[in-house]
Amino acid sequence: RARLTRMLASMKESKGQIAEAADILQSVQVETLGSMENREKFEFILEQMRLALAKGDYIRTEILSRKVSPKALRDKDMQDLKLRFFALMTQYYQHERRYLDLVRAFQEVYATPVVTENETQWKDALKSVVAYLALAKHDNEQSDLMAKVSADKKLEQLPELQHLLKLFMTPELMRWPSFQEQYRPVFADNAFFKGEAGERTWQDLHRRVTEHNIRVLAAYYSRISKRRLAV
């Protein structure tokens, strides 16, 4: 029944009936089918997630994602499914602007053997890790992750990103105009930094720079005037 349902959903999707296709596929609780191999179950759930995203049903996407065990996807024979899963999850996290979750997702991608063996792919993944670390709100977990990522020797091959982490880890003030001038070209090929949504991303990054500067000032001043702060 599950395979027939998937075929029917595919037919609906080919006709542009995305919502109908998503609803049809989600009617099957594939995780309860004992006769189906794990790989096929994962593929089915990934299709459910893909169609839920295409439909714009982000709540359903998150619910479906909980049915997938990231630990099981770390098996060497599941690498393709692991990458598909985290590609879908990054779409969801980007929509929700869950930056720390994006960091974790791209760390999973970065650690996947098929990615580590491809220089272009691991550089792209590491670049995303750094970008979303910078966008994530400062807390103990974000700070710990930043320290761990900055210790990665491969980061030496991406000096601008290595410098970006250093800026956030060093208790010195940052100037937003020069920061933006330097890093807009670096992230120009990242769709999350483009267009209307991209402007919101830059606003979030501006906020993180401002918050960093406030933390730096707080270490030296107990009181400071707005006029002095503006300087």
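Reckoned from all heavy atoms, side chains included, excluding hydrogens, waters and symmetry mates. Note that the coordinates shown come from a computational prediction; the quantities given were computed from them, not determined experimentally.
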Taking every non-hydrogen atom, the tightest pair across [X] and [Y]:
{"X": "N190", "Y": "S128", "answer": "ND2-OG, 4.5 Å"}
{"X": "Q26", "Y": "Q48", "answer": "CA-NE2, 3.6 Å"}
{"X": "L133", "Y": "V103", "answer": "N-CG2, 3.4 Å"}
{"X": "A188", "Y": "K194", "answer": "O-CE, 2.5 Å"}
{"X": "I24", "Y": "S27", "answer": "O-OG, 2.5 Å"}
{"X": "E172", "Y": "H212", "answer": "O-NE2, 2.8 Å"}

Once the angle between the rings of Y132 and F106 is folded into 0 to 90°, is it parallel (under 30°), tilted (30 to 60°) or perpendicular (over 60°)?
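Taking F106 first and then Y132, their aromatic rings lie parallel (interplane angle under 30°).
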Going by the angle between their ring planes, with limits at 30° and 60°, are F193 and F187 parallel, tilted or perpendicular?
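The rings of F193 and F187 lie parallel, inter-plane angle below 30°.
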Audit row: K123, E119, salt bridge (Lys or Arg N to Asp or Glu O under 4.0 Å) steps and yes/no:
CA-CA 6 Å; K123 281 185 175 180; E119 183 176 350; 2.8 Å; yes
Just verifying a value: how many Å separate [X] [atom1] and [Y] [atom2], rounded to the nearest 0.5 Å?
{"X": "S150", "Y": "M169", "atom1": "OG", "atom2": "CE", "result": "3.5 Å"}
{"X": "R84", "Y": "M78", "atom1": "CZ", "atom2": "CE", "result": "11.5 Å"}
{"X": "Q91", "Y": "R50", "atom1": "CD", "atom2": "CZ", "result": "10.0 Å"}
{"X": "L81", "Y": "L73", "atom1": "CG", "atom2": "CG", "result": "6.5 Å"}
{"X": "L173", "Y": "T210", "atom1": "CG", "atom2": "OG1", "result": "11.0 Å"}
{"X": "Q162", "Y": "L155", "atom1": "CD", "atom2": "CG", "result": "5.0 Å"}

Regarding [X] and [Y], does a basic nitrogen lie under 4.0 Å from an acidic carboxylate oxygen?
{"X": "E199", "Y": "R184", "value": "yes"}
{"X": "D75", "Y": "R39", "value": "no"}
{"X": "E37", "Y": "K41", "value": "no"}
{"X": "K127", "Y": "D124", "value": "no"}
{"X": "E20", "Y": "K55", "value": "no"}
{"X": "E211", "Y": "K137", "value": "no"}

Minimum side-chain heavy-atom gap [X]-[Y] below 4.5 Å:
{"X": "I63", "Y": "T61", "value": "no"}
{"X": "F179", "Y": "L205", "value": "yes"}
{"X": "D101", "Y": "E96", "value": "no"}

Carefully, step by step, assess K67 and M49 under the rule side chain to side chain contact (heavy atoms under 4.5 Å, CB included).
CA-CA 10 Å; K67 298 179 180 182; M49 289 175 62; over 6 Å; no
[X] side chain to [Y] main-chain N or O, any donor-acceptor pair under 3.5 Å?
{"X": "T90", "Y": "F86", "result": "yes"}
{"X": "S69", "Y": "A72", "result": "yes"}
{"X": "R208", "Y": "L135", "result": "yes"}
{"X": "T116", "Y": "P113", "result": "yes"}
{"X": "S143", "Y": "N140", "result": "no"}
{"X": "K82", "Y": "E108", "result": "yes"}

Would you please name every residue forming a side chain to side chain donor-acceptor pair (under 3.5 Å) with T201, sequence neighbours left out?
R97
Please evaluate residues L102 and V129 with respect to the criterion side chain to side chain contact (heavy atoms under 4.5 Å, CB included), reporting the C-alpha separation (whole Å), side-chain torsions for both, the decisive distance (0.1 Å), and the verdict.
CA-CA 7 Å; L102 279 161; V129 168; over 6 Å; no
Under 6.0 Å from the [atom1] atom of [X], do we count more than 12 heavy atoms belonging to anything else shown?
{"X": "D139", "atom1": "CG", "answer": "yes"}
{"X": "K148", "atom1": "NZ", "answer": "no"}
{"X": "E181", "atom1": "CD", "answer": "no"}

Starting from the C-alpha separation in whole Å, work towards a yes-or-no answer on side chain to side chain contact (heavy atoms under 4.5 Å, CB included) for V130 and L158.
CA-CA 10 Å; V130 173; L158 299 167; over 6 Å; no
Taking it one step at a time, do M174 and F168 satisfy side chain to side chain contact (heavy atoms under 4.5 Å, CB included)?
CA-CA 9 Å; M174 287 189 271; F168 277 98; 3.7 Å; yes
Give a yes or no on whether V114 and Y110 share a hydrophobic cluster (residues Ile, Leu, Val, Met, Phe, Trp, Tyr; joining criterion: side-chain heavy atoms under 4.5 Å apart).
yes
Ring pair (Phe, Tyr, Trp, His ring centres under 6.0 Å) pairs, two or more places apart, involving residues 39-74
Y58-H95
Have R98 and Y92 got a donor and an acceptor in their side chains that come within less than 3.5 Å?
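Yes, Y92 and R98 have a side-chain donor paired with an acceptor closer than 3.5 Å.
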Kindly write out the residues that satisfy ring-ring contact (aromatic ring centres under 6.0 Å, His included) with H206, not counting sequence neighbours, or none if the list is empty.
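Partners of H206 by the ring-ring contact (aromatic ring centres under 6.0 Å, His included) criterion, ordered by chain and then number, come out as W176.
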